[in-house]
Amino acid sequence: MTAFFGSVIAVILLCLFSFSVFYMISTVVENCRDLPVCAPTSPLFGDGFKYVVTTVGGLVSALVIAHLTVAEPGNAPTIGSFAPETKMAVYATNTVVVLYLLAWIATGLAALVVGVMLFPNASSTLSDIGSTWLGLAVSAAYAYFGIRPSSDRREGGSLTAPTSGDLSQGQKIPNASEVVTCGPIVKKITRTDPEFASLVSNSNAKIAFKDEEGTGADRMMTPRLKGKLDSLANVVASEWPGTKLRVTEAWDEDNEHADGSLHYEGRAADLTTDPVDGTRLGRLARLAVDAGCDWVLFEDSAHIHVSVKVA
């Protein structure tokens, strides 16, 4: 019974996600199809709509990856702990699962084509959904087929960097400076600045915040960074059950970083896992890339650093 109700909720979430994405696609196409360059001067979608679609999309994608991870390669994923006993029940279960996966693939692929390939400047939210889906789709395929590329040896016998996709310490993606990738800051935002109103407080229960200052500053960030961290938190929960994403630094109001740091605009965050496990940082960095963070650096043995562009 639990598996049944869980499946119903999963289907409802998928329907909400798919309907929202295709509504966004139709709106973008309608506004941009006759324009040589589409760059709307006002947002096409409200903040509430964008929050719901990105949150639900993250939950659906996390569910897909979680089930593909535990499925045996070549076998259809199951519905929770439900174990059909008859051939008809097995066929019905497999059909539902396949249709669910196909709907998720079709929705993400449509967002990728329209939001990233055709009209990349029309809606950053739709572009983020498409690019994030691509990374998660690759992760899902790796999880289902159990792909673990082996490492090769360079000439002279030394090992190359791991080829599993995890980042090594000091590695950044993309391989360019943070300023070039995400853009420089305009100013250091303080609580009394009008720009402070553009920051949001992240209250996601799947994220642990260090908050060593006791002011809630680590929860403050731009909506774009919040969306990326929310998506990453869902993937972390699926990758390591019982583990949360942990934010040790986000918006900085105490001048603890170098001049020009994106922390001062709430566009950067330092991350670990909770419980803290340094051996997971390379994998966490890769998941951050897949979750759509614009710039990711495996900074040191204590944390990774992520940042985003101006929305």
Side-chain angles (χ1 to χ4, degrees), residues 39-55 58 120-129 131-132 172 174 176-233 244-272 274 288 291-297 299-300 302-311:
T41 56
S42 59
L44 297 177
F45 311 100
D47 292 339
F49 182 91
K50 292 188 287 187
Y51 172 77
V52 170
V53 71
T54 53
T55 300
N121 299 318
S123 170
S124 61
T125 302
L126 186 61
S127 298
D128 291 344
I129 291 173
S131 58
T132 300
K172 57 182 179 286
S177 73
E178 184 178 31
V179 172
V180 169
T181 303
C182 297
I185 68 169
V186 176
K187 64 178 295 186
K188 293 182 178 181
I189 297 176
T190 67
R191 291 183 184 269
T192 58
D193 289 332
E195 292 84 356
F196 182 73
S198 66
L199 303 182
V200 296
S201 178
N202 193 325
S203 57
N204 191 331
K206 293 183 179 180
I207 303 177
F209 295 87
K210 186 177 181 180
D211 195 20
E212 58 186 337
E213 300 86 359
T215 62
D218 290 339
R219 293 181 179 271
M220 302 305 297
M221 56 193 68
T222 64
R224 182 177 179 84
L225 179 59
K226 180 183 182 300
K228 303 302 183 184
L229 295 188
D230 286 347
S231 297
L232 178 57
K244 290 184 177 182
L245 177 66
R246 181 170 180 259
V247 176
T248 62
E249 284 286 340
W251 173 60
D252 180 9
E253 62 177 335
D254 297 325
N255 290 308
E256 296 178 343
H257 295 83
D259 290 340
S261 171
L262 270 61
H263 283 284
Y264 295 123
E265 286 188 340
R267 291 199 284 131
D270 295 333
L271 309 174
T272 64
D274 183 30
C293 293
D294 296 314
W295 195 76
V296 178
L297 169 66
E299 190 162 355
D300 54 38
H303 70 277
I304 70 168
H305 174 92
V306 303
S307 54
V308 298
K309 302 174 182 178
V310 177

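Worth saying up front: this structure is predicted, and the values here are computed from it rather than measured.
- When atom types are taken as modelled, the side chain of S261 and the backbone of Y264 share no donor-acceptor pair closer than 3.5 angstrom.
- One finds the NZ atom of K309 at 13.0 Å from the OG1 atom of T222 (value rounded to the nearest 0.5 Å).
- Ring geometry for H263 versus H257: interplanar angle under 30°, hence parallel rather than tilted (30 to 60°).
- S231 places no side-chain N or O within donor-acceptor distance of the main-chain N or O of A291, the cut-off being under 3.5 Å.
- Within the 4.5 Å cutoff, side-chain heavy atoms of T215 are placed close to those of E253.
- Counting heavy atoms from C-beta on, the side chains of D128 and K228 come closer than 4.5 Å.
- If you take CG on L297 and CG on D270, they are separated by 9.5 Å, rounding to the nearest 0.5 Å.
- The shortest heavy-atom contact between T181 and A176 is OG1-CB, 3.9 Å.
- Partners of S201 by side chain to side chain contact (heavy atoms under 4.5 Å, CB included), not counting sequence neighbours, listed by chain and number: R219, M220.
- Side-chain N or O atoms of D230 include none that pairs as donor or acceptor with a backbone N or O of A233 at under 3.5 Å.
- The minimum heavy-atom distance linking C182 with L262 is given by the pair CB-CD2, 3.7 Å.
- Considering only heavy atoms from C-beta on, W251 comes within 4.5 Å of L199 through its side chain.
- The CZ atom of R246 lies 12.0 Å from the NZ atom of K244; values are rounded to the nearest 0.5 Å.
- Minimum interatomic distance between A250 and A217 (heavy atoms only, all atoms of both residues): CB-O, 4.4 Å.
- In this structure the side chain of L271 reaches within 4.5 angstrom of the side chain of L229, judged on heavy atoms.
- Atom OG in S307 sits 13.0 Å away from atom CE in M221 (nearest 0.5 Å).
- For V296 against C293, the heavy-atom pair with the smallest separation is CG2-CB, 3.8 Å.
- From L44, atom CG reaches atom OG1 of T125 across 9.5 Å, with rounding to the nearest 0.5 Å.
- Looking at heavy atoms from C-beta onward, E212 lies in side-chain contact with E249 at the 4.5 angstrom threshold.
- A salt bridge between K188 and D259 is present, with a side-chain N of the basic residue lying under 4.0 Å from a carboxylate O of the acidic one.
- We find that R267 and D294 are not joined by a salt bridge, their nearest charged nitrogen and carboxylate oxygen being 4.0 Å or further apart.
- Nearest heavy atoms, I189 versus E265: CD1-CA, 3.9 Å.
- Side-chain contact between F209 and N202 is present, with heavy atoms from C-beta onward closer than 4.5 Å.
- Counting all heavy atoms, side chain and backbone alike, L225 lies closest to G266 at CD2-O, 3.4 Å.
- A donor-acceptor pair shorter than 3.5 Å can be found between the side chains of T190 and D193.
- To the nearest 0.5 Å, atoms NZ (K226) and OG (S203) are separated by 6.5 Å.
- Counting heavy-atom neighbours within 6.0 Å of Y51 OH, excluding the residue itself, gives a total of 12 or less.
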